[in-house]
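Remarks on the structure that follows.
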Amino acid sequence: MRIQRVRGIPDWLGADAARLRLLEEQGIGLARQYGYQEVVLPVLEPKELFVRSIGTHTDIVGKEMYCFEDRGGEAICLRPEGTAGAVRAFLQAGLHRGGTQRWCYVGPMFRRERPQKGRLRQFTQFGCECFGLASPAADVELLALAWRYLDALGVAARVRLLLNSLGCSVCRPPYRERLVAFLEARRERLCADCQARITRNPMRVLDCKNASCQAELQSAPHMLDMLCDACRAHFAEVRAGLEALGIAYRVDPKIVRGLDYYTRTAFEFVAEGLGAQATVLAGGRYDGLVKALGGPDVPAVGFAAGLERLALLLDEAPLAAPDAVVIALGEEMLAPSLKVAEALRREGFFVVHAGGGGAKRQFREADRQGARWAVIVGEDEWKRGLVRVKDLQTGTQHELDLEEACKLLRTD
RNA sequence: GUGGACGUAGCUCAACGGUAGAGCCCCGGGUUGUGGUCCCGGUGGUUGGGGGUUCGAGUCCCCUCGUCCACCCCA
């Protein structure tokens, strides 16, 4: 048995790779338009960073992280998400004294989960983080960027935005207390998963897929009904902003987000037809995280998009075909043909050299490459300073010097 | 981590418990200097791996690994 790839960590080849690259470039390019600057952050971080930011009792930290001890004895992890590292870098650079920072990034994340459709152990996220703005305007602009991104990719019609507010350190604890009390009161009527969730993450119970649990939850208290004045005002502003920009959304009190650090605004863009892993881009506000990681009280909002999931929504893009394939007829012509290929490339053409050898093989190669033109370097013509240019669609060919050949190639 | 479905050539798939095959792809020839069509030929498999039942296992049984889908969780 030959060596195979690690479970849940796929190879992206050909058109699939091109599609991921497109997703990356589109994201970074658009983010820049909104004032977000690209940052390149480490894939490895101290384990402690994720424990402190994501929360010990979450699945990610509890059982999904790839961790190891390096030779110095330090506990190192492959990052399971991007926000924690961004905050760490932000603090380490002392940028909390540098005013508002808007960052974007793309890169691989790692979680040791059971693979399924839209869920991989190594996956790519495009993320944006905005530090230093408490205003709902920051939430709205971030959402606008996310929306533009999905729209630019052509998937906006198949995605809907779900919005919620998770409250803050003032209003969430009392809500949580009331919810737990509510759930405890009917503990034995909830499913086993939900019973465990009561202590681990009670808000998760709200979106249990079990019908009998949902029936029990009819009269459950909602965070939105218990927001403090500041959170209520913030949420109203976010909604007003979205409406002003014409971005459609639905308030969904069941959007709770998995990670501990979220406050106030939480959102998910959910796609149709992706199976169970349909959240394609998600994020929210995390005003407490910078402080929790030892920094000052800096508010922040951000999102991350799962590029492999988005790729599932995109049509397969055909790979670009070369403008011309260069064919050498006869061993003597190999070196001259290489020169011809280089000269054409210097003129800006996308050129593949067929590799010499039999004519039939080389033309077949040109065909497979999907090239429009074959530039044939043969002995007779070369002696006269000419090459043959064949239109592979019509089969017609001309003897031309290099300059004329370029002109012809440029006509199409 | 739990449940279910499925593993035969590079790909898509056949083969009643009885000689492992087809199509596509790939390589070569027909055409020592002209492709995509056509014709001819060829490479390619320890049937995911291991064990068992049987005169005989791709086929039945057990284990294991892998893939997919769902749960859980999340992008």
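Please read all numbers here as calculations on a predicted model, not as lab measurements. Proteins come first, then strands; the chains are lettered A, B, ... in the order of their sequence lines, and each starts at number 1.
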query: Heavy-atom count around A:Glu332 CD within 6.0 Å, excluding the residue itself: above 12?
result: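 Atom CD in A:Glu332 is not crowded, with 12 or fewer foreign heavy atoms closer than 6.0 Å.
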Looking at the base of [N], is there any donor atom on it, or on the side chain of [X], that sits under 3.5 Å from an acceptor on the other one?
X	N	value
A:Lys360	B:G33	no
A:Arg119	B:C72	yes
A:Arg204	B:C73	no
A:Glu381	B:G33	yes
A:Gln397	B:U34	yes

Earlier contact from the 5' end, RNA chain B, for A:Arg361 and A:Ala371: A:Arg361
message: Both A:Asp207 and A:Phe363 contact RNA chain B. Which one's nearest nucleotide lies toward the 5' end?
response: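 The 5'-side residue here is A:Phe363.
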Just the rounded figure in Å: distance from [atom2] of [N] to [atom1] of [X].
X	N	atom1	atom2	result
A:Lys63	B:G1	NZ	P	10 Å
A:Phe126	B:C74	CZ	P	22 Å
A:Gln4	B:G10	CD	P	12 Å
A:Glu113	B:A75	CD	P	9 Å
A:Arg111	B:C72	CZ	C1'	14 Å

Span that lies between the [atom1] atom of [M] and that of [N], in whole angstrom:
N	M	atom1	value
B:A57	B:C16	C1'	13 Å
B:U8	B:G66	C1'	15 Å
B:G36	B:U67	C1'	36 Å
B:G50	B:A9	C1'	23 Å
B:C13	B:C6	P	14 Å
B:C69	B:G51	C1'	29 Å
B:C11	B:C25	P	15 Å
B:A22	B:A14	C1'	7 Å

Look at the side chain of [X] and decide which nucleotide, out of [options], has an atom nearest to it.
X	options	value
A:Asp193	B:C72, B:C74, B:U34	B:C72
A:Gln116	B:C74, B:G35, B:C72	B:C72
A:Arg368	B:G33, B:C26, B:C72	B:C26
A:Ala276	B:G66, B:G35, B:C71	B:C71
A:Lys117	B:A75, B:A70, B:G28	B:A70
A:Arg197	B:C73, B:U34, B:C74	B:C73

query: So, A:Tyr149 versus A:Phe126, ring centres under 6.0 angstrom or not?
result: yes
- prompt: Mind checking whether A:Phe349 and A:Trp373 have ring centres under 6.0 Å apart?
  reply: no
Salt bridge [X]-[Y], side-chain N to carboxylate O under 4.0 Å:
X	Y	result
A:Arg189	A:Glu216	yes
A:Arg372	A:Asp323	no
A:Arg102	A:Glu129	no

Touch check for [X], heavy atoms < 4.0 angstrom, all strands: base, sugar-phosphate only, or nothing?
X	value
A:Gly283	nothing
A:Arg388	base
A:Leu307	nothing
A:Gly275	sugar-phosphate
A:Leu23	nothing
A:Leu392	base
A:Gly357	nothing
A:Glu365	nothing
A:Ala366	nothing
A:Arg364	sugar-phosphate

message: Stacking between A:Phe123 and B:A75, defined as ring centres under 5.5 angstrom apart with planes under 30°, is that present or not?
response: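 Stack criterion met.
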query: Quick check: does any side chain N or O of A:Asp252 sit under 3.5 Å from a backbone N or O of A:Leu163, one acting as donor and the other as acceptor?
result: no
Think [X] has a side-chain N or O under 4.0 angstrom from the OP1 or OP2 of [N]?
X	N	result
A:Arg7	B:U67	yes
A:Gln125	B:A75	no
A:Arg114	B:U67	no

field: salt bridge (charged side-chain N to carboxylate O under 4.0 Å, His left out) partners for A:Asp207, two or more places apart
entry: A:Arg204
field: Interatomic distance, A:Lys254 atom NZ to A:Met203 atom CE [nearest 0.5 angstrom]
entry: 13.5 Å
Geometric cation-pi criterion, A:Arg186 with A:Phe182: 6.0 Å, 45°: yes
message: Reading 5' to 3' and counting Watson-Crick or G-U wobble pairs with both distances under 3.5 Å, write the dot-bracket notation for RNA chain B, | for bases paired outside the strand.
response: (((((((..((((....[..)))).(((((.......))))).....(((((..]....))))))))))))....
- prompt: Knowing that exactly one of A:Arg384, A:Lys390, A:Lys383 qualifies, which makes a salt bridge (Lys or Arg N to Asp or Glu O under 4.0 Å) with A:Glu399?
  reply: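 The single option meeting the salt bridge (Lys or Arg N to Asp or Glu O under 4.0 Å) with A:Glu399 is A:Arg384.
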